[in-house]
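Everything on this sheet refers to the single structure shown next.
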Amino acid sequence: SSAPEILINVLENFRDNFFNGPEGRVPLGPSTIVGSAAFNMFVIIAVCVFVIPDGQVRNIKDFGVYAVTAAFSIFAYVWLLIILLWRTPHVVEVGEGVLTFLFFPMLVGASWIVDKSCKDVEGTGILAAEMTKEELAELESKIRKEHGADLTEEQVTKFLQVMCGEVKSRAKYRIAATRAMVGGKKVRMPTAIVERSFTGLARLARQMTGSVGIGRKVAPMAVVPSDRKSGWGCDEGRNMTMVFSTTPANMVVIQFSEIKKAVLESVGSVTLGVRRSGDVSLACSVDYKSRDGTAKAPGDYMSVEGTLTFEPFERIQTIEVHIVDDFSYEENEEFYIDLFNETCTSEDPLTKVSLGDNQTITVVIVDDDLPGVLSFQEDELHVVEKVTDHEISIPVMRKNGGTGKVSCTYRTEDDTAIAGTDFEAVEGTLEFAHQEIESSIKIKIHPRGRYELSEHFRVILDGPIKGGAKFDPDSDGSADSCILTVIVEGENVSRERVDRLMNTLQAKWQKAKVGHSNWRDQFVAAVYVNGGEDGDDDDSLPDQSPSMMDYAVHAIAVPWKVLFAFCPPTDYCGGWLTFSVALLFIGFVTALISDLANLLGCVLEICGAITAITLVAMGTSLPDTFASKTAAIQDPYADASIVNVTGSNSVNVFLGLGLPWMMSSIKWQVTGRDADWDRRYAKDEDIAVDIRQGHGAFIVKAGSLGFSVGVFTVFALVCMGIMFARRSVYGGELGGPRITKWMTAIILCTLWIVYIGLSAWKALEDGC
């Protein structure tokens, strides 16, 4: 996300022959970095604070990493002041340039060390792909004990995806935001993300207690406050829960026992626990109500609404929800139940009742109506030609399930047997009715009077499969398709099977073809609004037709989409080719934007420094704004929306300025001053005499840049203080009560406006 800011400085560095900007003009690059940092720090965080629903909070989970990036983000701009104003005014020495660049790996290394140490101590959940075989076997056993021993592998996999699913990355949020802005192919984001895995909790339990009690049920993703000290405890249902915090005696906290629960569609009903902690001597009540997600009431579950009442010393109440079992195949669906309107009867005015972090539970319905697996009976079919034309029937099997109506496409493909000469080409759609387990494809074979020769062609089943069925991954064609090789032989030829080497080669051809098709799909997606289809990440989510805004922005962006479709997909060279070509495209756009920004500033009579901190800075940060907004709403934590700001602001300085400044300082140290350098700086009294009369150096006039950096640094410290205060008072950096959300957003936006005003005033005063 920092590539545009970095490249605009690198490109300016080469364009201006290693000077800091054209002669007599302020360069865009350095001011863009400071302006972008200000927009990120103030506006993006203000948006993230404001968009959280009233009363909800999002806190930073990996606070150690945030602390590191926050410290570096402040230090980066203090370091600029040290270089430009205090240590060697207006001069960047080789050591300063190199050290600025080296701060980047220092930042990455420090963040990694803190992240790793925190995870080792806290025992946070791990992904299924990172589990050992013993851990995976343990988790599978638990799933089968809780949901039935006869679960299929596919159903167990779905539970694993719910319990140990991977958190959506910052990159995915940014891609989704960018595509939404330009009417591109939508990236559908889930409405909830798994908090932690059972295996991570089990591992922490073994570290703290030596073992997990045999025969106990371990509740995944159950993290609840308690009036006990931190440790492991078991509730009345023998469910093991992790206790992280202490609830004051005059405080009552009500919340669900789990943040997420997965159940089979055929379970009938699911019972959800609501736990009360703190002062349990009082009578309390809380309202609850179900809310649709991808699962809809009453088709997938029966909606519930009511009030739970806790009598004195009663800690647990339950909510029962009926799950509707149908006979159609569906992807995993989820709905939510919210707690609200918590009340407590107490004569003590200091006693407070509030909802805990788990005030909303996500219930994931795992479908058990398997549509089956499609395959041919064998990978090869031998056919003996007859004297006249004859028709053969090729059976297609549907195994391991028969729920619902499914269909796929089929076609023939020439090899040594040629359509029209050896057989009649066919293509179409093969359909299976509900509970139908076999169908057939009919093909006409033409005689040729073969003696010892044999020819073969292929019958291919491919997608997309409708109805949720899959292709047999063990068949020829793997999971992407099913391929049957039909061998037409003469009557007197022995029926020997063709060597399997051909099938191996066909698999390699198919792989190459997928890569080519993927690249082709990029051009298709570039030409059509929203990529020509409704999303590419989650078919279980409801379809959304393109809006008028999608059509409008697509019409504007389509030339750029087609141009950037030439960037190769990640199928090639392990993704490195994509990475390299994408950087070239970003460099091209950055160079174009840099020139256009200069021209726009010239036409509007806006100086370069003001153009950089406003138009260019906002342009580079706009996708991050929408990405952070989406992440703030959908993630249970604030990491993806806030830590990106502090990390990006640090990287912009260490790479965006460190790299070109290091190159330029080394260049002038090696080559020494020349005529152009003398014309610019030999009579500049702002530069020290020993520099003007010496060997020459890389000159960066502080001017309005130094002032802008100073103002931003002070305001950034204020912003950090506000975030720490919100964490202390409300338990999280984002969200909170409506009034405080408004106040925080207004204060942060005001800081940005004042920063722009002061920086513009200084730039105009300096005659930019």
Side-chain angles (χ1 to χ4, degrees), residues 2 5-6 8-13 15-16 18-42 73-93 96-97 100-101 103 594 597-598 601 606-618 620-621 649-650 652-662 664-665 680-681 684-688 691 697-716 752 754-768:
S2 295
E5 292 95 329
I6 295 170
I8 196 172
N9 282 274
V10 173
L11 292 173
E12 280 191 339
N13 192 55
R15 185 190 62 189
D16 299 329
F18 297 94
F19 286 104
N20 185 49
E23 186 173 1
R25 288 167 50 194
V26 176
L28 289 180
S31 296
T32 297
I33 284 183
V34 183
S36 176
F39 189 90
N40 292 344
M41 180 67 74
F42 307 133
S73 68
I74 298 297
F75 167 75
Y77 295 89
V78 173
W79 174 248
L80 291 184
L81 295 176
I82 294 174
I83 293 177
L84 300 179
L85 296 178
W86 299 332
R87 187 176 181 275
T88 54
H90 309 296
V91 177
V92 178
E93 296 180 343
E96 294 171 337
T100 303
F101 178 76
F103 281 137
S594 175
N598 278 315
I606 303 175
C607 71
I610 300 177
T611 301
I613 63 174
T614 54
L615 300 178
V616 182
M618 285 190 292
T620 58
S621 298
N649 286 356
S650 306
N652 285 350
V653 172
F654 298 148
L655 279 184
L657 294 181
L659 181 59
W661 285 7
M662 178 181 67
S664 296
S665 60
R680 288 180 179 228
Y681 307 121
D684 192 335
E685 296 182 356
D686 290 336
I687 303 171
I691 299 295
F698 178 52
I699 306 299
V700 178
K701 297 294 292 294
S704 61
L705 175 62
F707 180 83
S708 178
V709 171
V711 172
F712 167 74
T713 303
V714 173
F715 286 3
W752 180 70
V754 173
Y755 159 79
I756 294 295
L758 291 176
S759 299
W761 165 77
K762 179 62 176 176
L764 293 174
E765 186 183 61
D766 290 346
C768 71

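Counting from 1, the numbers follow the sequence of the chain as shown.
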At their closest point, which heavy atom of [X] faces which heavy atom of [Y], and how far apart are they?
| X | Y | answer |
| --- | --- | --- |
| Gly706 | Leu81 | O-CD2, 3.5 Å |
| Ile613 | Ala760 | CD1-N, 4.4 Å |
| Gly35 | Ala617 | C-CB, 3.4 Å |
| Phe707 | Ser759 | CE2-N, 4.3 Å |
| Tyr77 | Thr713 | CB-OG1, 3.4 Å |

>> Under the rule for side chain to side chain donor-acceptor pair (under 3.5 Å), what residues qualify as partners of Arg87, not counting sequence neighbours?
In response: Glu93, Glu96

>> List the residues meeting side chain to side chain donor-acceptor pair (under 3.5 Å) with Ser664, not counting sequence neighbours, and say none if there are none.
In response: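 Applying side chain to side chain donor-acceptor pair (under 3.5 Å) to Ser664 gives Asn13.
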
> Would you say Val91 and Leu84 make side-chain contact, with heavy atoms under 4.5 Å?
Replying inline: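 No, their side chains stay 4.5 Å or more apart.
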
>> Let's go through His90 and Val700 carefully: what are the C-alpha distance in whole Å and the side-chain angles of both, what is the deciding distance for side chain to side chain contact (heavy atoms under 4.5 Å, CB included) to 0.1 Å, and is it a yes or a no?
In response: CA-CA 5 Å; His90 309 296; Val700 178; over 6 Å; no

>> Would the distance check show the side chain of Thr100 and the main-chain N or O of Gly658 forming a donor-acceptor pair, the cut-off being under 3.5 Å?
In response: no

> Within the distance-only criterion (no hydrogens, no angle test), does the side chain of Asp684 pair as donor or acceptor with the backbone N or O of Asp686 below 3.5 angstrom?
Replying inline: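 Answer holds: yes.
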
>> Angle between ring planes, Tyr755 versus Phe712, binned at 30° and 60°: parallel, tilted or perpendicular?
In response: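 Perpendicular, since the angle between the ring planes exceeds 60°.
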
> Where do Ser36 and Glu5 land on the side-chain hydrogen bond (donor to acceptor under 3.5 Å, both in side chains) test, with the steps shown first?
Replying inline: CA-CA 8 Å; Ser36 176; Glu5 292 95 329; 2.9 Å; yes

So, taking the atom named [atom1] in [X] and the one named [atom2] in [Y], what distance separates them when rounded to the nearest 0.5 Å?
| X | Y | atom1 | atom2 | value |
| --- | --- | --- | --- | --- |
| Ile8 | Arg15 | CD1 | CZ | 8.5 Å |
| Ile6 | Thr32 | CD1 | OG1 | 13.0 Å |
| Asn652 | Leu657 | CG | CG | 8.5 Å |
| Leu80 | Leu85 | CG | CG | 9.5 Å |
| Leu655 | Asn9 | CG | CG | 10.5 Å |
| Trp752 | Met618 | CH2 | CE | 5.0 Å |

>> Please determine whether side chain to side chain contact (heavy atoms under 4.5 Å, CB included) holds for the pair Leu659 and Phe654, giving the CA-CA distance in whole Å, both sets of side-chain angles, and the decisive distance to 0.1 Å.
In response: CA-CA 7 Å; Leu659 181 59; Phe654 298 148; over 6 Å; no

> Checking ring pair (Phe, Tyr, Trp, His ring centres under 6.0 Å) against Trp79, which of Trp661, Phe103, Phe101 comes through?
Replying inline: Phe103

>> Can you tell me which residue among Ile687, Val92, Asn20 is in a side-chain contact (heavy atoms from CB on, under 4.5 Å) with Ile699?
In response: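 So the option named by the test is Ile687.
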
